[in-house]
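Below is one structure, written out as structure tokens; comments come after it.
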Amino acid sequence: MRVTCIVGARPNFMKVAPILAAMRPLDAIEPRLVHTGQHYDERMSTLFFRELGLPQPDAYLGVGSGSHAVQTARVMELFDADLDQHPADVVLVVGDVNSTIACALVAAKRGVGVAHVEAGLRSRDRQMPEEINRVLTDQISDWLFTSERSALDNLVAEGIDPARVHFVGNVMIDTLVTHRAAAARRPVLADLGCTPKGYAIITLHRPSNVDTPEAAANTVRAVEAVAARLPTIIPFHPRTSGKLQQFGLLDRVTSLPGVRVVEPQGYLDFLCLMDNAALVFTDSGGIQEETTALGVPCLTFRDSTERPITVTEGTNVLLGTDAASVPDAVEEALKGRRGARVPEYWDGKAAERIVAVLSRASS
Ligand code: UD1
């Protein structure tokens with residue numbers, strides 16, 4: 001079985017790494033890696049390949065940035081041509097980024113099987129580009145691999161045959177389990193002048209939090225509230241720094257006492273920073289899961305989450321987007337949460353389960 005695995009944007013790299021590693025020893029599966037180039041910077045892409053031991057991609061499509069339509073269309077055109085040259089039996093996509101839906105759509109229209117890893121997550125917020133990508137990718141997938149049990153209900157409600165759905169656990173946590181010890185040895189805490197459990201990390205990049213002057217100003221008020229309580233490290237996504245600069249807000253953040261604004265971090269340094277943080281404040285999808293796996297308090301600055309298990313079982317609190325609620329929420333989160341646990345199958349073996357399902361289908 002020829003399986004073409006797709007990566008495009010930063011959160012894809014840690015999801016595909018364990019899947020490729022699990023496929024490599026098997027005779028029944030011939031993997032190929034395609035990088036669409038949705039993310040292309042050293043610090044958004046190349047560094048992750050090195051740290052995660054990902055092989056050089058077999059093809060690099062180099063699509064770069066653009067509007068959603070342009071980016072998605074470029075991926076489709078170039079991936080279609082790649083499949084002409086390198087036919088596949090299955091195209092495996094992960095997560096919810098534009099590269100995910102673009103490659104799934106190309107494969108499905110060609111009659112190539114589609115495997116979607118991290119299927120069935122729903123925020124029920126169609127303003128989020130990722131929600132559109134999730135719903136559409138799931139509709140055209142043949143294998144739907146889920147990371148939490150609630151995903152099956154979402155898929156069945158959308159008319160998807162449960163026989164196609166496989167609960168396998170969380171591949172991103174496979175990568176976390178593999179690299180946690182190496183991350184702990186990184187000197188990043190000392191480099192940034194942080195003491196274990198003595199600081200907060202903030203990551204914010206959702207369009208809804210940074211793309212308009214009003215939303216960006218609200219986000220900056222939230223940052224100020226966190227920083228008023230704890231020394232704070234902020235690795236800015238290029239989208240966030242670009243927008244804050246455009247709205248004249250960047251200096252307000254960088255000049256806050258106790259705040260260190262840094263470049264986007266590599267995987268190992270960021271894992272080390274999360275593992276030792278007193279608190280993580282974020283609008284990311286994946287970080288809600290990683291903090292739950294690490295047992296670190298997380299405040300999610302969004303109105304919805306597609307990862308409800310991080311709230312019901314883990315350390316995540318869905319805060320909403322009212323900056324005025326941040327001071328109390330920070331105090332509460334710093335007390336820690338009793339009874340939080342690591343969800344079922346977030347055990348470092350999700351990729352093995354995925355590959356076992358695909359191997360059975362190939363024989
Ligand atoms: C994308 C994903 C989002 C994910 C995020 C993680 C979609 C719809 N969104 O959002 O789900 O959480 O990645 O990082 O696919 N840029 C650079 N260098 C890069 C990449 C991007 O400078 O290597 C800048 C460009 O100005 C670009 C902007 O960041 O226009 C946004 O990049 P894009 O890939 O369009 O979306 P993200 O916000 O990164």
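Side-chain atoms are counted along with the backbone in the values below, which use heavy atoms only and exclude waters and symmetry mates. Here the structure is a predicted model, which is why all the values come from computation and not from measurement. For ligands, and for the atoms within them, numbers begin at 1 and follow the listed sequence.
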Check for me whether the distance between the ring centres of H35 and F13 falls short of 6.0 Å. yes
Looking at N12 and A9, would you say the former's side chain and the latter's main chain have a donor-acceptor pair under 3.5 Å? yes
One finds that the ligand 1 atoms under 4.0 Å from a non-hydrogen atom of H237 are 14 (O), 29 (O), 37 (P), 38 (O), 39 (O)
Which protein heavy atom lies closest to atom 2 (C) of ligand 1, and at what distance to 0.1 Å? V97 CG1, 3.7 Å
Part of P11 within contact of ligand 1 (heavy atoms, under 4.0 Å): side chain
Among all protein non-hydrogen atoms, which one is nearest to atom 26 (O) of ligand 1, and what is the separation to 0.1 Å? S65 OG, 4.4 Å
Atoms in ligand 1 with a heavy atom of D41 nearer than 4.0 Å: 17 (C), 18 (N), 19 (C), 22 (O), 23 (O)
Does D142 reach the side chain of H116, with side-chain heavy atoms less than 4.5 Å apart? no
Heavy atoms only: which of R43, H205, R10, Q71 is nearest to atom 4 (C) of ligand 1? H205
Which pairs with one or both residues in residues 341-350 pass side chain to side chain donor-acceptor pair (under 3.5 Å), sequence neighbours excluded? R149-E344, E313-R341, D347-R353
For R122, the side chain to side chain contact (heavy atoms under 4.5 Å, CB included) test, sequence neighbours excluded, returns R124, E131, R134, V135, D138, N154, L155, E158
What about R239: any of its N or O atoms under 3.5 Å from an N or O on ligand 1? yes
of all protein heavy atoms, closest to atom 8 (C) of ligand 1 is N98 OD1, 3.3 Å
Report the member of E130, H39, Q38 with the shortest heavy-atom distance to atom 3 (C) of ligand 1. E130
Atom OG of S65 and atom CD of Q71: how far apart are they, to the nearest 0.5 Å? 6.5 Å
Of all protein heavy atoms, the one nearest atom 19 (C) of ligand 1 is Y40 CZ, 3.5 Å
Answer yes or no: does atom CD of E42 have more than 12 heavy-atom neighbours from other residues, nucleotides or ligands under 6.0 Å? yes
Suppose we measure from atom 22 (O) of ligand 1 to each protein heavy atom; which comes out shortest, and what is that distance? P238 CB, 3.3 Å
When you compare the side chain of V114 with that of V112, does any pair of heavy atoms fall below 4.5 Å? no
